Each structure stands twice: as structure tokens, then as C-alpha cells.
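So you know, we letter chains A, B, ... as the sequences are listed, proteins then strands, and number each from 1. Since the model is a prediction, treat every value here as computed from it, not as a measurement.
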Amino acid sequence: MVWGCLRTRCSSSIHYLKQVRFLSVALSPHLEFYPYKSHAYHYSSCANDCSTDEIDLHTLHAKVIKVGSLQNLDMGNHILNLYVKSQNLGHAQKVFDDMLNRDVRTWTILISGFARVSSGGTVLKLFREMQNEGVCPNQFTLSSVLKSCSSLNELNLGKEVHGWIVVNGIVFDSVLGNSLLDLYVKCEDFGYANKLFESMRERDTVSWNILIGGSLHIGDVDKAIELFRSLPFKDVATWNTVIDGLMQDGFERTALELLYEMVKNGPLFNRFTFTIALALVSSLSILELGKQIHGRVLRFRIHVTGLIQTCLINMYCKSGKLDKASIPFRETVACDRKENSEAFCLQPLTDIVSWSTMVSGFVQNGEYEDALKTFTYMVHEQVEVDLFTVTSIICACANSGAFELGRQVHALIEKSGHRIDAHLGSSLIDMYVKCGNLEDAWMIFKQTNDGNIVLWTSMISGCAMHGQGRKAVWLFECMISEGITPNEVTFVTVLTACSHAGLLEEGSRYFRLMKEVYGIHPGVEHFTCMVDLYGRAGRLKQAKNFIHENGLSQMSAVWRSFLASCWLHKNIEMARWVSEKLLHLNSLDAGSYVLLSNIYAIEHRWDEAAHVRSLMQQRGVKKHPAQSWIQIKNQVHAFIMGDRSHPQDAEIYTYLDKLIGRLKEVGYSSDVHLVMQDVEGEQGEMLLGVHSEKLAIAYGIISTSSRTPIRIMKNLRVCNDCHNFIKYTSLLLDREIIVRDTHRFHHFKYGHCSCGDYW
DNA sequence: TTAGGGTTAG
């Protein structure tokens, strides 16, 4: 999936880059960053924002003030309560401040209002003020305060409240008892929680649900299931809690079984069940079940709010059904998507999470253009943008090489003063790495300074991608010494680094470390890395033995890697043997077909070479045409082999011809072995001479000053001859040339490449 | 008492 945009959507790339430029201009005046979750509610202070009911409430409020009744305690409490119920806490606070007479109800109404919107800090502040004024809290006040303590992890204050309740002889009803139980469970103080649970006289289903949810939260699945099974009456929340908790703990299959059991024998779904069920089928990617749940939402006439809509969008996106994640701005944003009559019609997106889900859905499915278009639309429509959206957009920039846009979004994040968290940091590192700027990737890495494994893995991968294998290994060692546990992806990246840098011993050691110390079972990716490690180092026999010893002969990816090594080390006989094996397994990818065809071409077996190509056609294997890009003064210039469409083509070809002549004088010679067509000698050399990367480089040289580094991108691997050509060019012209291919970067300088001719 | 979106490799 690397560089998906470049590899699979060549024709639209220029259009897309124009879009990027347009977006860059559009961005600056509108983009604002909203703090995480700040959209949960808002203080409405403008009459224009109010509903009819709110306007009536304001009218009533004004009348009450006019006749001086606000100082009547009951009337004041009534108005305050109405504002709290309409979640207009700005006005509620104002009424509260204006009231000269307040009683415990006054304080409780306001405190419970803030507790309901999870504004715990305000709740605790008000509670302190209330105590200072000598007002004695009641059960409702205490429940709200405890709720805020548990959401803010304020265990000590909660314990203080608990003590106060005991000292003052307040009766524990089920609500107060459950609030306290929830506090201990949320703060993971299970000693207190269990003691309290046992001592509670008024235990209800809610008490059990809190304990079940808490057990799942700390990963005690057995205890949770035991409690769940022993509970004679299970309400809908019990089912929801246990299904969601199991899913969060990674027991998705068990969660699914319980969902089926719930459908059969349990209570009817509520809104929570729908969102949990949709999240479950998203993570399991069971589209059919997801559709059934969606059908149930419609059948039950559940009002599709932002939350359920987000879950629906996410479910369809995770199943790769972007059309079904139907969106109202389809015509505007995804204009090239076909209308699907079966598509479920969703509501207009009014919720920031739904928008960012849609953006990430496009990114996860490799549709970077649509992600950027949606983002542009959001910016233009002044929809709030938060860290989630930005993280996805940076990811889109990384994978499509939109460096300028990525940099601008980064600048705006800095300007907004937002802290860069591990998710965004990893995304930014990846963007700078994939756009060829390793220095800025390091800067983000140091600045983020987090023990997050993805952050470290991104940086290790960055070093590997830029040919700095030893540095990648060093960073890996630093990470281990800091006590950070590597995951399976980290091992893929460090093994890749070893294989690309020829670090045979280190690679073998890390493979053992992964299994023996970290207990990670090697997957096909790790085995492939190991075969690559031996193969690239020329240990073909060792690689072959590794495949047999580990029982990998059915893994076609492993053989494909081995094939590339055979080719690299010019062991044509072995390469043919592997290719034919893969051909019979029907597991060749486009690259391997081309390789096999090349092998036959080298041996002048033209009929067999032609047969391979016809097999490719019969089996529908598509080879993407090679294409290279160079950006000159904000303009992207794309070239394919033998391209004559560029306005300056005459100049490019004349210069290239002259350059090849000069290079030959200093030792460069064309490697005609790699010509796929059945042509020989001069004609083959001629075809090599017009490979897309040579054209892009020639254009770069004639269009820039002599000291400017030349950066080009390619949608396939660089061929041997072009690699050689670029090395000589960097030496002859004393020019730095940086090439990004499908998997990595090549930094050419003084006739050498950072990959050490190992790619 | 229970529910939503973002990051790393091949």
C-alpha cells in the first residue's frame, strides 16, 4: 500500500496536486483547532443560536427579572433548573450569580448540570464554594460530586466525600452507593470497591453493571463473565457493558457470540447497543452483519444522531464500502463516485466526529484525493477541525507525497498551540520521512518525547527507509534500554533495516529476541524479512534452507522475496526455478512476471518471454506503467518512458543524450540486461535511455541552478541501469539527487547511493 | 452503570 496514490492513480496525480495547491491557499484564514472533546456542549450566549424553547425561556427569564421575582428562591431555582435542563450552562451560571438567596437545591441544580456535561473541574470548584458558604450537601449533590471525582480520577477527594457521608450519617440509597462504587472502580481501587459492594444494602443491576464493567476494564474477563452469568436479571446495560468490554479486551469473537445470544434471549437493543454492535462488526469487518444492524436501526426508527451516524460511517469505511458511507456532499466532494441505489442514506454531517471519521475512512482506503477534498470542504464550510482530523490529513500527505501541504498543516498545528500527541507525532514523523525530510522527522521525534511505541517505530522505520540501517539499530537499542516494549511492527522495521544495511548478525539476533524474549510469534512479514536478510547478503543457500526449515514453502511472499535476491545476485538459474514455482502456484505479482520475462529475455528465449506476458494478460495481472515526478516551482511534472508530451521535450532529450555521452566517458555503461522487450544492443540501450526517472532528472538539471538538489519520485523500483546512471550523474555534475521509490529513499552524492547498492 | 473518529511495516 506504500505510495498508493502514486502507484495506482497515476493519471489523476497532477489533478490532485493542483487540488493540494488550491487547498494550501484556502487553508490559512479559516483553519482553527478545537481542543479535544470540547465540542461536547457549548455555552450559548447569542439569541440567534437558540431554539424556540430557549427563546421562550429567555423571555420568561427577562420577565422574572423585570418583576424582581428572581430573588424568590423557588422562582430562581425554577429558572436555573430550566437553563440547566436545556444545557445552557452559560445562562444557568449567570442566573446563579444573580440569585442573592440560594439553598442546597440551588447549588445542587448547578452542580448536577455541570456534572452531566462532564465538566468535573467546575463541579469540584462549586462544591468547595458550597462548603465554604456552610451549605450542607444532600444525596443528589454528593452523587454529582462523586461522578465528577470518578471522571477526573480524584480518588482522594472521593474518599473525603465518602468519609463525610459516613460521619454525617447520610443514608446510602442505591444512587449514592452506586456513585461511590463507580468512583472506586474507575480509580481501580478494587479492594474498596468489593468491600463497598458487599456492604451495600440497596444493590441493584446498576451496581452489578459497574462491577462487571470495572472487571473488564482491568482485563479480568473471567471475573466479568462469572458475575454476568451469576446475575439472574440482566438489563440492557448489563449486556451492553459485557459485550463492549469484551470487545475492548480483544475478545471480539466472545463478544459476537454474546451479541447473538442477546438478540435471541436478551432485551431489546437501545442506542448504546447499536453503537457497540456497529463498533464490533467494524473491528471484525463483517459487512453483512453490519448491514443487518443498520437495517435494525431503520426498522426500530432509531433517530440517527451524530453518534450512531459515526458508527455507521466507520463500519462502512472499515469494510471498504465508501459508497455506502453515503455522504450529503457527494456531488461536491466525491464527484467521481457512482451513485449507488442500494446505498443507505445518512443524515447531513453535522457532527465533527462524523466528518473526521469520513476523512479517516478515505485515508484508510487509500483515497487520499477524496480525503483532501473533504478536508478542504470542511475548512471552507468552517467545520471544526480537531487533532483527529489533522492526524488523518497528515497521513494522507505522507502517503501521497504532498510535502508542502503537510508542512503547512504542521505549521498551523504549531500556531494553534496544540500539544502534539503520540498519534499526531507519529503521523508527522511518517510524513516528513516519506517526503524525504529526515531532519524534521527527528525534530518531531525529539520534541514529542513520548514512550509511545508507534512513535519510536515510525522513527526507526524512517532511518531504515533512508538507508541509515545502523542508526535504526542504534535507535532500537536506545528504545529497549528505555524500557519500551517493541511490537510486531517494530520488529518488521528493525529487521528491514538490518536486511537493507546487510547487518546479517544483528538481524538474526533480533529475530531470536523477538521470539524468545518478547514472545512474539513470527508472521509472514518477519519470515520474509529474514529471507530477504540472507538473500540480499548473497546467502542464497542459507535463505533457501531457512524457508524449508521453517516450513514456509507455501508462503508465496517469502518466495517472491527470495526471487528478488536471486535476481540481485544474478543467479539466473535459481531465479528461473523460483519464478516457475511461483507461476505454478499462481502467486506471481506483476513484478515477478516481469522478472521472469526478463530472465527468459536474457537467455534469448523470446517465445517463453512472450508466453509469460500473455499469461499475465490471461490472469488479469496488471503492470502499472512506470512513472516519475519532479516538482519545479510548485508545478509537478510527470514523465513516463519515452514521454514526448512535455513542452520542453526537445530540450530534455538533447540534454539527456549529451549527458549519457559524457557519463560514458567517465565509465558509465548501459545495463541492457534489464530491457524487457526482445530487442538487443543499440535499440535496447535506447529504450533504457528514456526511462522515466532519467527524463525527470534531465528536466530537473536543466531547470534548476547547479547546486540545487534534485528530488524525484517514482511509482516503481528504480532499475539497475538508472541507479547506475544517477550515481555517475551525481559524481559528474556534483549534484545531490534524491529518489523516492515504492519502498525507500536513495540519496545519491559523489557517485554513491545511501542504499549501498542494496535495494 | 453502558456507546463514536486519528499513528508505525511488508
Side-chain angles (χ1 to χ4, degrees), chain A residues 1-2 36-37 147 150 174-175 178-179 181-182 185-186 204-214 216 235-245 247-248 270-280 282 305-315 317-318 351-361 363-364 386-395 398 421-431 433 448 452-462 464-465 486-497 499 523-529 532 557 560-561 742-743:
Chain A
M1 207 195 83
V2 190
Y36 178 61
K37 298 273 182 197
K147 185 181 173 186
S150 80
S174 60
V175 176
N178 286 338
S179 301
L181 184 64
D182 183 53
V185 164
K186 289 255 168 64
D204 58 12
T205 348
V206 176
S207 328
W208 286 81
N209 294 349
I210 292 169
L211 217 56
I212 293 172
L216 287 164
D235 65 8
V236 64
T238 322
W239 289 90
N240 292 343
T241 305
V242 79
I243 293 170
D244 184 50
M247 176 176 59
Q248 304 292 345
N270 68 4
R271 310 183 64 78
F272 287 82
T273 326
F274 281 111
T275 52
I276 293 164
L278 285 168
L280 180 62
S282 298
T305 56
L307 216 138
I308 291 186
Q309 185 171 34
T310 306
C311 295
L312 285 168
I313 293 171
N314 194 31
M315 186 267 293
C317 287
K318 290 267 158 60
D351 179 288
I352 181 178
V353 186
S354 298
W355 280 93
S356 73
T357 306
M358 202 60 242
V359 171
S360 77
V363 175
Q364 283 158 5
D386 65 6
L387 285 187
F388 285 82
T389 333
V390 168
T391 304
S392 296
I393 282 302
I394 292 290
C395 182
D421 68 3
H423 286 263
L424 180 57
S426 309
S427 229
L428 282 166
I429 290 174
D430 191 47
M431 186 270 291
V433 162
T448 315
N452 178 285
I453 184 59
V454 181
L455 202 73
W456 283 79
T457 306
S458 305
M459 200 59 236
I460 293 170
S461 165
M465 219 177 262
N487 64 19
E488 62 281 6
V489 180
T490 322
F491 277 106
V492 173
T493 59
V494 77
L495 290 174
T496 307
S499 123
V524 63
E525 303 86 357
H526 304 103
F527 285 128
T528 309
C529 284
D532 202 48
R560 279 200 289 268
S561 160
T742 40
H743 290 105

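- Between A/K186 and B/dT2 there is a side-chain N or O to OP1 or OP2 distance below 4.0 Å.
- The side chain of A/M465 lies closest to B/dA9 when the candidates are B/dA3, B/dG5, B/dA9.
- For A/Q248 and B/dG4, the shortest distance from a side-chain N or O to OP1 or OP2 is below 4.0 Å.
- At whole-Å resolution of the value, CG in A/D351 and C1' in B/dG5 are 9 Å apart.
- In this structure, of B/dT8, B/dA3, B/dG6, it is B/dT8 that holds the atom nearest to the side chain of A/V489.
- Nearest nucleotide to the side chain of A/S354, out of B/dG4, B/dG5, B/dT2: B/dG4.
- In this structure, A/M459 places its CE atom 19 Å from P of B/dT7, rounding to the nearest Å.
- Residue-level contact check: A/D430 touches the backbone only, with heavy atoms under 4.0 Å from sugar-phosphate atoms and none from bases.
- A distance of 10.0 Å separates CD1 in A/I352 from OG1 in A/T357, rounded to the nearest 0.5 Å.
- For A/C395, whose side chain is taken as the heavy atoms from C-beta onward, the closest listed nucleotide among B/dT1, B/dT8, B/dG5 is B/dT8.
- Rounded to a whole Å, the CD1 atom of A/I313 is 12 Å from the P atom of B/dG5.
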- Message: Could you walk me through whether A/N209 and A/D235 satisfy the side chain to side chain donor-acceptor pair (under 3.5 Å) test, starting with their C-alpha distance in whole Å, then the side-chain angles of each, then the deciding distance to 0.1 Å, before giving a yes or no?
- Response: CA-CA 9 Å; A/N209 294 349; A/D235 65 8; 3.2 Å; yes
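- Among the nucleotides B/dA3, B/dT7, B/dA9, the one closest to any side-chain atom of A/V492 is B/dA9.
- Defined by atom type and a distance below 3.5 Å, a donor-acceptor pair is missing between the side-chain atoms of A/D430 and A/S427.
- Among the protein residues, A/G306 comes within range of the nucleic acid bases, having at least one heavy atom under 4.0 Å from a base atom.
- Among the protein residues, A/D421 comes within range of the nucleic acid bases, having at least one heavy atom under 4.0 Å from a base atom.
- A/S426 comes within 4.0 angstrom of a base, heavy atoms only.
- Set against B/dT1, B/dG5, B/dA3, the side chain of A/D386 has B/dG5 as its closest nucleotide.
- Using a 4.0 Å heavy-atom cutoff across all strands shown, A/S356 reaches at least one base atom of the nucleic acid.
- Proximity note for A/S360 (side chain, C-beta onward) versus B/dG5, B/dT8, B/dG4: the nearest is B/dG5.
- Closest approach of A/T310 to A/S354, counting heavy atoms only: OG1-OG, 3.1 Å.
- Across all strands shown, A/T310 has heavy atoms under 4.0 Å from base atoms, whether or not it also approaches the sugar-phosphate.
- In this structure A/D244 satisfies the side chain to side chain contact (heavy atoms under 4.5 Å, CB included) test together with A/M247, A/Q248, A/I276, sequence neighbours excluded.
- Between the CG atom of A/L280 and the P atom of B/dG4 there is a distance of 12 Å, rounded to whole Å.
- Here the nucleotide nearest the side chain of A/V353, chosen from B/dA9, B/dG4, B/dT2, is B/dG4.
- In this model, the phosphate group of B/dG5 is not approached by any side-chain N or O of A/Q364 to a distance below 4.0 Å at OP1 or OP2.
- When heavy atoms are screened at a 4.0 angstrom cut-off, A/T357 is found touching the sugar-phosphate backbone but no base atom.
- Distance A/N452 CG to B/dT7 P: 12 Å, rounded to the nearest Å.
- Atom CZ of A/F527 and atom C1' of B/dA9 are 16 Å apart (whole Å).
- Partners of A/K147 by salt bridge (Lys or Arg N to Asp or Glu O under 4.0 Å), not counting sequence neighbours: none found.
- When rounded to the nearest whole Å, the span between CG of A/L428 and P of B/dT7 equals 13 Å.
- Picking from B/dT8, B/dG5, B/dG4 the nucleotide with the shortest atom distance to the side chain of A/V454 gives B/dT8.
- Heavy atoms of A/I210 sit under 4.0 angstrom from primed sugar atoms or phosphate atoms, though from no base atom.
- In this structure, NE2 of A/H423 is placed 11 Å from P of B/dG5, rounded to the nearest angstrom.
- Among A/T493, A/N452, A/T490, the one residue that satisfies the side-chain hydrogen bond (donor to acceptor under 3.5 Å, both in side chains) test with A/T457 is A/T490.
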